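Take this structure first; my questions come after.
As the structure is a prediction and not an experimental result, all values here were calculated from the model. Atoms considered below: every heavy atom in the structure, side chains included; atoms not considered: hydrogens, waters and symmetry mates.
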Amino acid sequence: MDNAVLLKQMAAIQKAGNNVTLRDDNARAFVLDQIANATTLAKLPTYFANSGTGSIDKLGVKRRTLKLHQGTNTKPDGTDIAEEGTVPFALTPLYLDTWIENSNTFYTARTRGQDVRQALLSLMQSQYAADLQDLAFNGDAASTDAFLKLNDGFIKQAKTSNAINNLEVDKLPTIAELTLWTGGIKSKYLRAGTYTWFMSQATSLYYVNELQGRQTALGDATIVNGKLTNIGGYAVEVVDNMDDSAILFTTLSNLVPVVGLNVTLTTAAADSLSVAKQATYHFMLEDVDFIIREPKMLGIITKKAVTPAA
């Protein structure tokens, strides 16, 4: 795609600006494309809400619900196979506004073979997804940080919930201690899904160093191409920008981003400021929340905060 075509497309976008609200199927597709840019969020089950508040079913862990069929003597009593209760959500409106340099847009459009509009959206989707994943795990409404206090993330919720195994430590456990720790989780919860370790890159490297420092392999963890992939028989998910002081142990299906079905996209018309900046101004608005469907199917390990010496 040559510069003349790119400039013509950019001029069309800037001429009067664009203000679009995506709904339903288009919004769903846009959000899924967006989340696909985030390594971990893309693996979690996104729930699309039809209203700002509501609830979703908890994960079921009931077992032994089958009964013997007795022909005409069978009583249609019904069996409640859903785990008790639901978990509420309340969407928070979050927006991203950004100046994107024209040169960056042209480069992206040319290298990806996209038109200008698609290139702009791709850049915004990538940034929004990175921030959304950061907030999903690290958010804390009680924080003084303007970004983190936007919403409670999975770590904060796990700390304040009735997680089945909540452990606070002075330093990270060894791999052998992690493996032993999982034995404290009831088998009925472990059977309810495939569990995964969620940790930061720094925490993962800590355990890689532990493994490499051993004289003999014990078979309780696996390194593939220098990356930690398994501890105690459970997969390791390294989460970009996750807090180094926490490790989560749960199923992928237990951590749910909740997203509204309205997405607002606005590109401002060109003015003197955008000409001076040689950039375009864009605004994206979405409603989101983060839900742990069943705290009893989650374990968390956190390092105690170190108080600075006086």
Side-chain angles (χ1 to χ4, degrees), residues 35 38-45 59 61 130 133-134 136-139 153-257 290-306:
I35 288 177
T39 52
T40 300
L41 280 190
K43 300 175 184 178
L44 305 182
L59 286 177
V61 294
Q133 180 167 291
D134 188 347
F137 281 88
N138 304 319
F154 300 131
I155 293 175
K156 172 63 179 297
Q157 293 180 50
K159 288 179 178 179
T160 56
S161 71
N162 58 335
I164 48 176
N165 208 339
N166 194 330
L167 178 65
E168 189 176 35
V169 295
D170 292 316
K171 64 178 182 178
L172 289 174
T174 65
I175 289 174
E177 289 170 339
L178 283 180
T179 303
L180 181 63
W181 177 75
T182 62
I185 298 175
K186 292 181 179 180
S187 59
K188 72 173 183 176
Y189 295 121
L190 287 176
R191 283 194 297 266
T194 302
Y195 274 66
T196 298
W197 298 102
F198 296 85
M199 63 182 65
S200 71
Q201 179 69 31
T203 302
S204 171
L205 291 175
Y206 174 88
Y207 288 116
V208 168
N209 290 333
E210 179 190 334
L211 287 170
Q212 292 176 337
R214 290 178 173 179
Q215 293 183 349
T216 57
L218 301 181
D220 54 0
T222 306
I223 298 177
V224 177
N225 296 326
K227 296 180 179 179
L228 182 67
T229 62
N230 185 287
I231 295 178
Y234 301 100
V236 173
E237 176 68 23
V238 176
V239 183
D240 291 339
N241 299 315
M242 182 174 170
D243 188 346
D244 294 335
S245 67
I247 299 173
L248 296 179
F249 182 66
T250 189
T251 65
L252 290 167
S253 58
N254 201 22
L255 306 179
V256 182
F290 312 108
I291 295 299
I292 297 175
R293 292 181 64 186
E294 179 51 82
K296 294 178 181 178
M297 287 179 59
L298 181 144
I300 179 171
I301 297 172
T302 52
K303 287 172 59 180
K304 295 178 183 177
V306 178

So, the side chain of N254 versus the backbone of R293: is there a donor-acceptor pair under 3.5 Å, distance only?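 Yes: the side chain of N254 pairs with the backbone of R293.
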Taking all atoms of both residues into account, what is the closest heavy-atom pair of A246 and T302, and its distance?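 Nearest pair, atom of A246 first, then T302: CB-CG2, 4.1 Å.
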For Y195 and M297, indicate whether the former's side chain and the latter's backbone hold a donor-acceptor pair under 3.5 Å.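 Confirmed, Y195 side chain pairs with M297 backbone.
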Student check: side-chain heavy atoms of K159 and I300 closer than 4.5 Å: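 Side chain of K159 against side chain of I300, heavy atoms only: contact under 4.5 Å found.
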Is there a side-chain contact between P45 and V256 in this structure, where contact means two heavy atoms from C-beta onward sitting under 4.5 Å apart?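 The answer is yes; the side chains approach within 4.5 Å.
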Can you tell me how far CG of D240 sits from OG1 of T39, rounded to the nearest 0.5 angstrom?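 Nearest 0.5 Å value for the OG1-CG distance: 4.0 Å.
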Do D244 and K303 have side chains that get closer than 4.5 Å, going by heavy atoms?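 Result no, sub-4.5 Å side-chain heavy-atom pair not found.
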Inter-residue atom distance I301.CD1 - N166.CG, 0.5 Å rounding: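 Result: 9.5 Å between the selected atoms.
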Can you tell me how the ring of Y234 sits relative to the ring of F249, calling it parallel under 30°, perpendicular over 60° and tilted otherwise?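 Answer is perpendicular, since the angle exceeds 60°.
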Under the side-chain hydrogen bond (donor to acceptor under 3.5 Å, both in side chains) rule, collect the residues that match up with S253, sequence neighbours excluded.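 Once residues adjacent in sequence are excluded, the partners of S253 under the side-chain hydrogen bond (donor to acceptor under 3.5 Å, both in side chains) criterion are T251.
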So, taking the atom named CG in D134 and the one named CG in N241, what distance separates them when rounded to the nearest 0.5 Å?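 Spacing of CG (D134) from CG (N241) equals 5.0 Å.
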Measure up the F137 and F154 rings against each other and bin them: parallel (under 30°), tilted (30 to 60°), perpendicular (over 60°).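 Ring orientation of F137 relative to F154: perpendicular.
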CG of L180 to OG1 of T174: how many Å apart, nearest 0.5 Å?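 Rounded to the nearest 0.5 Å, the CG-OG1 separation comes to 9.0 Å.
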side-chain contact (heavy atoms from CB on, under 4.5 Å), that's the test. Do L298 and L255 meet it? Break it down for me. CA-CA 10 Å; L298 181 144; L255 306 179; 4.1 Å; yes
Are T222 and L228 close enough that some pair of their side-chain heavy atoms sits under 4.5 Å apart?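 Sidechains of L228 and T222: no contact.
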Show the numbers, then the answer: is there a side-chain contact (heavy atoms from CB on, under 4.5 Å) between M242 and L248? CA-CA 10 Å; M242 182 174 170; L248 296 179; 4.2 Å; yes
Give the C-alpha distance, both sets of side-chain angles, the deciding distance and a yes or no for side-chain contact (heavy atoms from CB on, under 4.5 Å) between L252 and F198. CA-CA 9 Å; L252 290 167; F198 296 85; 3.6 Å; yes
Between N209 and L205 (side chain of the first, backbone of the second, donor and acceptor by atom type, cut-off under 3.5 Å), is there such a pair?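 Such a contact is found between N209 side chain and L205 backbone.
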Out of I247, T229, V238, I231, which residue meets the side-chain contact (heavy atoms from CB on, under 4.5 Å) rule with S204?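 With S204 as partner, side-chain contact (heavy atoms from CB on, under 4.5 Å) holds for just one option, V238.
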Could you tell me whether a side-chain N or O of N138 sits under 3.5 Å from a main-chain N or O of D243, the two making a donor and an acceptor?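 It does hold such a pair.
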Please find the pair of heavy atoms, one from V208 and one from G226, that lie closest to each other, and give the distance.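 Reported closest heavy-atom pair: CG2-O, 4.1 Å.
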If you round to the nearest 0.5 Å, how far is OH of Y206 from NZ of K171?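 Result: 6.0 Å between the selected atoms.
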Quick one: side-chain hydrogen bond (donor to acceptor under 3.5 Å, both in side chains) partners of T40, sequence neighbours excluded?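 Testing T40 for side-chain hydrogen bond (donor to acceptor under 3.5 Å, both in side chains), a comparison that skips the adjacent residues, returns E237.
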Minimum heavy-atom separation for I292 and A158, please, with both atom names.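 For I292 versus A158, the nearest heavy atoms are CD1-N, 3.8 Å.
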For residues Q133 and V239, report the shortest heavy-atom separation together with the two atoms involved.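 Shortest heavy-atom contact: NE2-CG1, 3.9 Å.
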Any non-hydrogen side-chain atom of Y207 less than 4.5 Å from a side-chain atom of M199?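 Y207 vs M199: side chains touch.
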With sequence neighbours excluded, what pairs up with T194 under the side-chain hydrogen bond (donor to acceptor under 3.5 Å, both in side chains) test?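 side-chain hydrogen bond (donor to acceptor under 3.5 Å, both in side chains) check on T194 returns nothing, list empty.
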